[in-house]
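Below is one structure; the comments refer to it alone.
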Amino acid sequence: CQGVVIMVNPTKEWTFSYAKDLMPGIPSGLEVLVIGNFRDQFEQWVTQRLTMQHVIASGGANLHYCECCLANMYGMPAVESFLSICLQSQKMLAAHAEITKLSESV
């Protein structure tokens, strides 16, 4: 596992509370993306954007936040970028392991 995606529904406060409870249990080396879904229902959000951004910003460099709407695919390029970062990280680790193995055999 190279990354974790946590989706919250900002129209329901308990989903973000649950996400906050999950974060400390995630290993520190993993990238984490918190997605605020239902962007099309922004006026109904009970969890404020700034609150979510503050929690994410205070959690470290490996925590990321984006908003999306699965109804119209708003925000999906950000999710794809996050997944690409996780894939590239995995490739870098594999390349590093191969280089280490080759250097030991020389």
Side-chain angles (χ1 to χ4, degrees):
C1 175
Q2 298 299 322
V4 176
V5 176
I6 301 172
M7 185 173 291
V8 298
N9 178 351
T11 66
K12 296 175 175 31
E13 175 61 37
W14 69 268
T15 63
F16 188 64
S17 295
Y18 180 71
K20 288 191 297 187
D21 292 343
L22 284 177
M23 288 182 211
I26 297 172
S28 61
L30 294 179
E31 298 291 324
V32 179
L33 176 64
V34 178
I35 302 174
N37 195 12
F38 296 100
R39 179 65 179 91
D40 58 329
Q41 298 174 7
F42 185 73
E43 64 281 349
Q44 297 173 12
W45 284 19
V46 293
T47 306
Q48 298 300 314
R49 173 187 290 143
L50 290 177
T51 302
M52 290 189 284
Q53 289 174 341
H54 176 71
V55 170
I56 301 306
S58 65
N62 67 327
L63 285 175
H64 311 279
Y65 172 77
C66 76
E67 296 173 0
C68 75
C69 174
L70 296 180
N72 63 14
M73 303 309 282
Y74 175 87
M76 291 313 293
V79 175
E80 291 172 359
S81 295
F82 172 78
L83 296 173
S84 178
I85 289 169
C86 294
L87 177 63
Q88 294 305 320
S89 174
Q90 185 177 18
K91 287 181 179 180
M92 284 178 33
L93 290 174
H96 185 277
E98 185 67 26
I99 290 169
T100 302
K101 182 177 164 184
L102 289 173
S103 66
E104 290 173 355
S105 68
V106 172

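Here the side chains of Ile26 and Ile6 are in contact, with some heavy-atom distance below 4.5 Å. Between Val34 and Met52, the closest side-chain pair of non-hydrogen atoms is not below 4.5 Å.
Minimum heavy-atom separation, Trp45 to Phe38: NE1-O, 3.0 Å. Here the closest heavy-atom approach between residue Gly36 and residue Pro10 is recorded as CA-CG, 4.1 Å.
The closest donor-acceptor contact from the side chain of Ser84 to the backbone of Glu80 lies at 3.5 Å or more, if one exists at all.
Interatomic distance, Asn37 CG to Thr15 OG1, rounded to the nearest 0.5 Å: 9.5 Å. Atom OG of Ser17 is separated from atom NZ of Lys12 by 13.5 Å, given to the nearest 0.5 angstrom. With values rounded to the nearest 0.5 angstrom, Tyr65 atom OH is found 14.5 Å from His54 atom NE2. Here CD of Glu43 is found 10.5 Å from OG1 of Thr11. Values are rounded to the nearest 0.5 Å. Note that the CD atom of Gln53 and the OG atom of Ser58 stand 12.0 Å from one another [nearest 0.5 Å]. Distance check, rounded to the nearest 0.5 Å: OG1 of Thr51 to CD1 of Ile56 gives 11.0 Å.
Put simply, Leu30 and Val55 are part of the same group of oily side chains (I, L, V, M, F, W, Y) that touch within less than 4.5 Å, one to the next.
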